[in-house]
Amino acid sequence: MKAIVHIGMPKCGSTSIQRWLDINAAALSSRGVGYDRLSLPGHYPSTAHEGIKICHSHRLGRLVESAFIRRVHGITDLSDQERFVRTFEEFFGAHVRSRREPVFIVSSEYIAAHTHTPAEVGALESWLAQFFDATQYILYVRRQEDWLASSYSQDLKRGVTETLPQVVAQSAVQDWHAKAALWADTLGEDRVEIGLTEREALRDGDLVADFAARIGTDPEGLADAPRLNESLSAAGAALLRVANERMDHFSSDGTRVDPRKLAVRQALERQTLDLPKVRLNAEQVRHVRAVNAASNERLRARFFPDRDVLFPARPDPLADEPALRAEDVARAGLDLLLTLRAQGKGGRGRTTPKGARKGRAARRHRRSGGSESGNAPPAAPPQ
C-alpha cells in the first residue's frame, strides 16, 4: 500500500482538505483511496492525524512539540508519550492491514510545522516504512501576508495575547523555499509535490479539486466540505485578544478550554461574520513582501519555473482605510454582551434573528409606553 502524506503547511487549507476527506471517506474508498480519522477510543477525535505526529516526535526522542496535542492526549512526559505510542502503533498497524485500497491518505499540518532537519524528515519516513510500501508527500504554501493574518487569528483562538504588529515584527520572515527544499532534498523532488494556494495556481481555482487531482481522483460526485475554522474579523480579533488577557483560557484541570472563554470565542465568531477579516495594513504588507522576496524567488525558480512571479502583485490595503473601525468593535462588543447575557439566562447563546429581535424590542417599548420606533439593541448578523 502507498501512503500519500499531506504535511501542511498550517493555515494553508488543511482543515478544508481534512473535512473533505472525512465526509467523503466511504466514496473515496470505493475509488481506491483510503482515509480514516484514526482516533483512538477515548481520545480527542481530531482529523489531523495527531497520533502520527506524536509517534514521529517520539522516534526523535522528544515530546511532541504542540502543547495543544500534549494536553488533549494527556501527555506530560516521555513515559506518557511512550504509552500512547505503543497503543497507537498497534491500532494504526491493525487498521492499515485491514484496508484494501492501494492508496491511504495521511493529513497532518503539524508535520511540516515541526519538521526542520533532514534527520527529522528521515525519522518520519522510517516510521511510515513500517506500514507502507511507498510514500509520497504534498505540501501547500500561501502568500506570507495572508498566512500571517490567518495564523494570528488561529493563535488568538488558542489564547495568545500579542498584538498583530508584534506578531508581524517577530514572524514576518517565512521561508517557504527552505521548507520545500528540506523535503525535496531529503526525499527527492519526484516524491514531494509543492502546491500554491493562489486561485490561479489551483486546479479549477479550488484547493480541494487540486488536492483531489494530486491523490488521483476527481471531486465530481463527492460532497463539498463546509468552510470551517474561518479567520476572525478585525473587530472580533481585537475583543478576543483583550479577553485572552483577562480570562483564563483553560479549565482548572488544564485539559480543555474554559467554557466561559469558549462561549466568548464562539459568540465572537458568529457575531462578526459580516465584518472585515483581520488583515495586515499596507505598511505591514510591504514589509512582509520585502523580507520574503528573495526566498520566494528561489521557490519560484526551483518549483514553479513557468510562473513569472510566485505571488502576483495585488493592490495594497488603502493607506487611509482603517483595518479596524471603532464602530465595528463597539457593535461586536455589544452583540457579545447580549449573547452572553442570553446564555446566562438559560439560552443557548444563539443569535436572535434580526426581525424577531426588532419585534420583541417593539413589544417591550409598547408595554412600557414607548413606540415601535424606539431604540432597540443593534441586531446581530443572521446565522
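Counting from 1, the numbers follow the sequence of the chain as shown. Note that this is a predicted model, so its numbers are computed, not measured.
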Passes side-chain contact (heavy atoms from CB on, under 4.5 Å), V278 versus L164? Steps please. CA-CA 9 Å; V278 62; L164 184 55; 4.1 Å; yes

Working note: R265 + D258, criterion salt bridge (charged side-chain N to carboxylate O under 4.0 Å, His left out); need CA distance, chi angles, decisive distance, verdict. CA-CA 11 Å; R265 192 193 83 192; D258 185 279; over 6 Å; no

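Under 4.0 Å is where a charged nitrogen must lie from a carboxylate oxygen, and between D146 and R314 at least one such pair does. Here E90 does not pair with R86 in a salt bridge; the nearest charged N to carboxylate O distance is not below 4.0 Å. Of the charged side-chain nitrogens involved, at least one lies within less than 4.0 Å of a carboxylate oxygen, so that R300 and E297 count as a salt-bridged pair. With respect to the salt-bridge test (charged N to carboxylate O, under 4.0 angstrom), the residues D218 and R203 qualify.
In the model, N24 has no side-chain atom that pairs as donor or acceptor with a side-chain atom of Y35 under 3.5 Å. Of the N and O atoms on the side chains of S29 and E101, at least one donor lies less than 3.5 Å from an acceptor on the other residue. With 3.5 Å as the limit, one finds no donor-acceptor pair spanning the side chains of N292 and E145. At a cut-off of 3.5 Å, with distance as the only test, a side-chain donor of E125 or T135 sits close to an acceptor on the other residue. There is a side-chain donor-acceptor pair under 3.5 Å between R59 and S126. No hydrogens or angles considered: a donor-acceptor pair under 3.5 Å links the side chains of Q18 and E109. Side chain to side chain, R62 and S57 fail the donor-acceptor criterion of an N or O pair below 3.5 Å. With no hydrogens or angles considered, no side-chain donor-acceptor pair links T115 and E120 at under 3.5 Å.
Residues N296 and H177 fail the side-chain proximity criterion, which asks for heavy atoms closer than 4.5 Å. A heavy-atom distance below 4.5 Å is found between the side chains of F304 and I194. By the 4.5 Å heavy-atom criterion applied to side chains, I138 and I215 are counted as neighbours. A heavy-atom distance below 4.5 Å is not found between the side chains of Q136 and V5. Residues R298 and D175 meet the side-chain proximity criterion, which asks for heavy atoms closer than 4.5 Å. Residues W176 and F303 form no side-chain contact, since every pair of their non-hydrogen atoms from C-beta on lies 4.5 Å or further apart. When side chains are defined from C-beta on, D22 counts as touching R37, because their heavy atoms get closer than 4.5 Å. When side chains are defined from C-beta on, D80 counts as touching D77, because their heavy atoms get closer than 4.5 Å.
Checked by atom type and distance alone, the side chain of H49 pairs as donor or acceptor with a backbone atom of D36 at under 3.5 Å. Listed for the K11 side chain is no donor-acceptor partner under 3.5 Å among the backbone atoms of W147. R70 places a side-chain N or O within 3.5 Å of a backbone atom of V64 that can act as its donor or acceptor partner.
Taking each heavy atom of L207 and G13 in turn, the nearest pair found is CD2-CA, 3.4 Å.
For the atom pair CG of L262 and NE2 of H249, the computed distance is 8.5 Å after rounding to the nearest 0.5 Å. Note that CZ of R19 and OG of S14 are 15.5 Å apart. Values are rounded to the nearest 0.5 Å. Considering CD1 of I7 and CD1 of I111, their distance stands at 7.0 Å, rounded to 0.5 Å. The OG atom of S153 sits 12.5 Å away from atom CG of L148, with the distance rounded to the nearest 0.5 Å. Taking CG from L310 and CZ from R143, the interatomic distance works out to 8.5 Å, rounded to the nearest 0.5 Å.
Annotation: cation-pi geometry not satisfied between R99 and F104 (NZ/CZ under 6.0 angstrom from ring centroid, within 45° of ring axis).
Each of R279, Q166, R241 was checked for a side-chain contact (heavy atoms from CB on, under 4.5 Å) with Y152, and the lone residue meeting it is R241.
Within the structure, the ring-ring contact (aromatic ring centres under 6.0 Å, His included) test picks out the following pairs touching residues 180-211 (sequence neighbours left out): H6-F211, Y137-W183.
Ring-centre distance between F88 and H58: not below the 6.0 Å cut-off.
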